[in-house]
Amino acid sequence: MRKNIVAGNWKMNNDLSQTETLLTSLKKQKQTSNAEVMVAPTFTNLWHAFEALRESNVEVVAQNMHFAENGAYTGEISASMLKSVGVQTVILGHSERRAYFNETDELLAKKVDAALTNSMRIIFCFGEELADRKGNNHENVVASQIKNALFHLDAAAFKNIVLAYEPVWAIGTGETASPEQAQDMHAFIRKTLADKYGNDVAQSVSILYGGSVKPANAKEIFSKPDVDGGLIGGAALKAEDFYAIVNAF
Ligand code: PEP
């Protein structure tokens with residue numbers, strides 16, 4: 001049985017005191033679903049969040065990492081540094097990293113390898129731009145993003161990979177893919193995995209949807225058979241909204 005997961009990506013929001021406030025209010029929330037819950041604060045607040053959530057069932061994950069183990073990469077953070085502050089899971093390939101920091105499929109393949117070498121779990125993000133969707137090229141784009149960054153891996157690696165389909169046109173825009181659009185794409189992603197690795201692997205990988213998920217639309221999106229949860233941006237910054245989504249299963 002694959003897992004339901006809800007992960008909050010806090011992006012470049014929340015200084016230390018704002019992080020403390022949000023962590024305090026997260027700890028007051030009640031979980032009524034069986035979803036795995038994760039939050040991704042900024043690098044500077046990872047250790048603090050890890051300590052604060054140690055006794056909870058909320059996992060603290062990172063928003064990014066570098067592929068090298070260490071060395072002359074000013075401003076970067078390695079997998080072993082993340083692990084040293086309690087982080088076991090990293091988000092890779094977010095569309096903002098691809099668009100603003102020129103992260104290519106080739107670079108992401110190296111980051112994926114580095115994370116897996118360090119026994120980390122990966123939430124691997126991908127998704128088409130609006131022009132791809134309008135040109136009916138969205139499936140080709142998504143298939144090539146997955147193939148280029150992940151299809152050099154063996155089947156066993158997928159035990160440590162969660163996929164996150166995030167159409168770029170729906171991120172932070174208030175525009176959501178319809179539940180049917182999400183389901184169609186998730187089914188396509190699962191088929192793409194099945195064609196390469198077989199049905200057992202395809203059925204075991206959790207595929208999250210991301211893009212303007214809110215308390216008001218989460219239930220319908222999560223009710224789709226191939227949608228196993230969500231990667232949440234804006235709505236993850238308010239504990240009540242985030243838990244309304246966590247509890248939407
Ligand atoms: C995201 O950044 O991954 C995201 C889905 O953002 P939002 O929920 O704000 O659209």
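Counting starts at 1 for both ligands and their atoms, in listed order.
- Counting protein heavy atoms only, atom 8 (O) of ligand 1 is closest to Gly233 N, 2.8 Å.
- The shortest contact between atom 9 (O) of ligand 1 and any protein heavy atom is with Gly234 N, 2.8 Å.
- With hydrogens and angles disregarded, no donor-acceptor distance shorter than 3.5 Å links the side chain of Ser78 to the backbone of Asn70.
- Atoms of ligand 1 lying under 4.0 Å from at least one heavy atom of Gly211, given by number and element, are 5 (C), 10 (O).
- Residue Asn9 touches ligand 1 through its side chain alone, judged by heavy-atom distances below 4.0 Å.
- Using a non-hydrogen distance threshold of 4.0 Å, Lys214 does not register as a contact of ligand 1.
- For the salt bridge (Lys or Arg N to Asp or Glu O under 4.0 Å) with Glu59, the lone residue among Arg121, Lys3, Arg54 that qualifies is Arg121.
- Between Ala170 and ligand 1 there is a heavy-atom distance shorter than 4.0 Å.
- Close approach to Glu166 involves these atoms of ligand 1, each under 4.0 Å from a residue heavy atom: 1 (C), 3 (O), 4 (C), 5 (C).
- A side-chain contact (heavy atoms from CB on, under 4.5 Å) with Met120 is found for one member of Thr89, Leu82, Asn160, Val61 and no other, namely Leu82.
- If you take CG on Leu23 and CG on Asn45, they are separated by 8.0 Å, rounding to the nearest 0.5 Å.
- The shortest N or O to N or O distance between Ser212 and ligand 1 is below 3.5 Å.
- Between Asp226 and Lys191, none of the side-chain N atoms (NZ, or NE/NH1/NH2) sits under 4.0 Å from a carboxylate O, so this pair counts as no salt bridge.
- Ring-plane geometry between Tyr209 and His186 is classed as tilted, the angle between the planes lying from 30 to 60 degrees on a 0 to 90 degree scale.
- Interface atoms of ligand 1 facing Gly172, defined by a heavy-atom separation under 4.0 Å, are 7 (P), 9 (O), 10 (O).
- Ligand 1 has no atom lying under 4.0 Å from any heavy atom of Ala235.
- Using a 4.5 Å heavy-atom cutoff, the side chains of Ile161 and Leu153 are in contact.
- Classification of the Phe151-Tyr197 ring pair by plane angle, with boundaries at 30° and 60°, yields perpendicular.
- For atom 1 (C) of ligand 1, the nearest non-hydrogen atom of the protein is His94 NE2, 3.2 Å.
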